[in-house]
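Numbered from 1 within each chain, the chains take letters A, B, ... in sequence-line order.
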Amino acid sequence: MSESFYITTPIYYVTAAPSIGSAYTTVAADMLNRWHRQRGEQTFFLTGTDEHGQKVLQAAEDNGASPQEWTDRLVATEWQPVLEVIDAQPDDFIRTTQERHTTRVQKFWQGLFESGQVYEGQYEGPYCVACEEFKLPSELLEGGLCPIHERPVEQLSETNYFFPLSQYAEKLLALYEENPTFVQPESARNEVIAFVKQGLEDLSISRSTFDWGISVPWDERHVFYVWIDALLNYWTAAQDRADGRAPWPASVHLVGKDILRFHAVIWPAMLMAAGVAVPHQVFAHGWLLVGGQKMSKSKATAIRPSQVTDHFGSDAYRYYFLRAINFGSDGSFSWEHMSAVYTSELANGYGNLASRVTAMVGKYFDGVLPADEDHGPAEDALAAGMATAVARAEAAIDRLALHEAISATTDFVALINGYVTEQEPWKVAKDESARARLASILYSAAESLRAVAVLYNPVMPKTSAMLWESLGAAVALGELGEQRVQDAGRWGQLPAGSHLVKGASLFPRLLEEPDPVD
RNA sequence: GGGGCGGUAGCUCAGUCGGUCAGAGCAGAGGACUCAUAAUCCUUGGGUCGUGGGUUCGAGCCCCACCCGCCCUACCA
């Protein structure tokens, strides 16, 4: 039986180019997806762009383009290319302007409309005549002035269609109660529960003051409110599987904590209304802080992923963000910290270990991996460490503790380095009578690296492939991607006789470079 | 105002059920070694665990108040 795993990122709002903040979510989803895939599960990883709504319309106008031209351009030149920059491989990329989406959104809501779960009502809110748009109560200046024109706003109402969200409070609370991991981490769950307990208001799902959106099928004067359209992407894309087996419900929706409420409250309520299964989990990760400030697309603090990958490479990029930051909490990014982690853990720790082991197999055994002829207590300890690393990582992945899953392997790398240093193979090599001992030491180090390559593959696919190649592992074991991660801790898989080659450095030491981010 | 989450060594952070919990990594200092990317390994950590009270035989860990930071407070995404 093959488990199935369906993971999503939010669909990104295309008002600007991607920053390391949005790429953070994508990289996390990609790692999880690769991990589950390497467990042999049937996986589906979806990302995409959210292209409707007033802000996009505004951004397009500001840039002298039609909204469709604007989103086409931004998606083609920024949002899709960034996937390659960070080495993410989604199975599908949905755009909310695609017909496959718009028609399904219409169908979904038409169904709710016909079953009496949409009603016509009055939306009332502060409206600025000069702006010709409704304002958010929270954005008004003191005294109820429009923040742009600094003049009083009017209370205006328009006829909209509503979704009776207020009727779902009890059902949602029951959902959170029965399924404690529906919203994670705990802090996010607490916040959502507290919010819903206050009671919910019905949700206006249509707009008639602008037309950049999906038209409401039973009343063409309206377009759907952008969230109502956007959330459905997870469901509409799932209907597209070629084999006709929709991967539903989603296993995990990864979201930033700012959009938690939409995913943990409105989204499941919509699905309940339609009689569609709700997702298994909504997981809210934290912010990337730069200089103690939340990074924002619109501010100068926005760092583009390519600025980082140009220097460190995509593997180090993925490693840094997923290992150095506790997934679920806010985390600080700084160029200095990233440099420190790169040098210490990747270049000096991992990369150097691969170099010294493959170099010694080359030097003492002409590159042919010897057999584990004299296996002793030190090797038993190493093998135990390997099994522990796998068990720790597997357990961490199930809790979405990505940082911990990676740390398990990083700790194992340190253990291997310690093993090699303590066994002193370079000294053992000088004693012709200790040949069997030397063989076991180098075999054990190489075999350990085999597991490291497998465990790091979901995080750092490029260098893991380099290591796999360097270990000559493909000949006997097959492709790296086919190695089952849950089986990686079984000792003795890399066969004696494998041809090891000391390849290029996995993580070359980098020259000091001024911080381009300043 | 209401709600959520944080405030632990120079830096980034762990601390599950209250009792070796005062920790890890990095940085710094000393030493060992030379296979390796001047890498590795070992040794080295007196910081009022935001402040003030309280509960307890005993509290970063529970309770109260206060200070500081971030987020949410609904139709921006």
Inspect the contact between A:E78 and A:R304 and indicate whether a charged nitrogen and a carboxylate oxygen are less than 4.0 angstrom apart. yes
Using the [atom1] atom as the point on both nucleotides, what is the distance between [M] and [N], in whole Å?
| N | M | atom1 | answer |
| --- | --- | --- | --- |
| B:G25 | B:C41 | P | 11 Å |
| B:A38 | B:C21 | P | 39 Å |
| B:A29 | B:G45 | P | 16 Å |
| B:G15 | B:U8 | P | 14 Å |
| B:C17 | B:C61 | P | 13 Å |
| B:C64 | B:A59 | C1' | 15 Å |
| B:G60 | B:C13 | C1' | 14 Å |
| B:A74 | B:G53 | C1' | 38 Å |

Measure the CG-CZ distance between A:L442 and A:R356 for me, rounded to the nearest 0.5 Å. 10.5 Å
When rounded to the nearest 0.5 angstrom, what is the spacing between CG in A:L173 and CD1 in A:I193? 7.0 Å
As a test of reading the structure: which of [options] is closest to the side chain of [X], going by heavy atoms?
| X | options | result |
| --- | --- | --- |
| A:A340 | B:C76, B:A74, B:C26 | B:C26 |
| A:D258 | B:U34, B:C75, B:A77 | B:A77 |
| A:E201 | B:C33, B:C75, B:A77 | B:C75 |

Assign B:G53 to syn or anti; the rule is syn for a glycosidic angle within 90° of 0 and anti otherwise. anti
For nucleotides 35-45 of chain B, give me one character per nucleotide, 5' to 3': B if any protein heavy atom sits under 4.0 Å from the base, S if the only such contacts are to the sugar-phosphate, - if neither. BBB-SSS----
Assign a letter to each nucleotide of nucleotides 4-18 of chain B from its 5' end: B, base within under 4.0 Å of a protein heavy atom; S, sugar-phosphate only; -, no contact. SS------SSS----
A:R437: which residues meet the side chain to side chain donor-acceptor pair (under 3.5 Å) condition with it, sequence neighbours left out? A:E379, A:Q423
Backbone N or O of A:G349 within a donor-acceptor pair of the A:N417 side chain at under 3.5 Å? yes
Could I get the full list of side-chain contact (heavy atoms from CB on, under 4.5 Å) partners for A:S329, not counting sequence neighbours? A:N326
Of all residues at least two apart in sequence or in a different chain, which pass the side-chain contact (heavy atoms from CB on, under 4.5 Å) check with A:A273? A:L112, A:Q117, A:F163, A:Y168
I want to check one thing: is the phosphate of B:C75, taken as OP1 and OP2, less than 4.0 Å away from some side-chain N or O of A:W227? no
All stems with RNA chain B, defined as three or more consecutive Watson-Crick or G-U pairs under 3.5 Å: B:1-7 with B:67-73, B:10-13 with B:23-26, B:28-32 with B:40-44, B:50-54 with B:62-66
With respect to A:F312, which candidate in A:F507, A:Y342, A:Y320, A:Y317 satisfies the ring pair (Phe, Tyr, Trp, His ring centres under 6.0 Å) definition? A:Y342
Taking A:H222 as the fixed residue, which of A:F113, A:F162, A:F210, A:Y161 is the one that meets the ring pair (Phe, Tyr, Trp, His ring centres under 6.0 Å) rule? A:Y161
Neighbour count >12 (heavy atoms, 6.0 Å) for atom CD, A:Q122: yes
Determine, stepwise, if the pair A:R323 / A:S407 fulfils side chain to side chain contact (heavy atoms under 4.5 Å, CB included). CA-CA 7 Å; A:R323 137 90 180 163; A:S407 297; 2.5 Å; yes
Can you see whether A:Y456 has A:R318 sitting over its ring - NZ or CZ less than 6.0 Å from the centre and within 45° of the normal? no
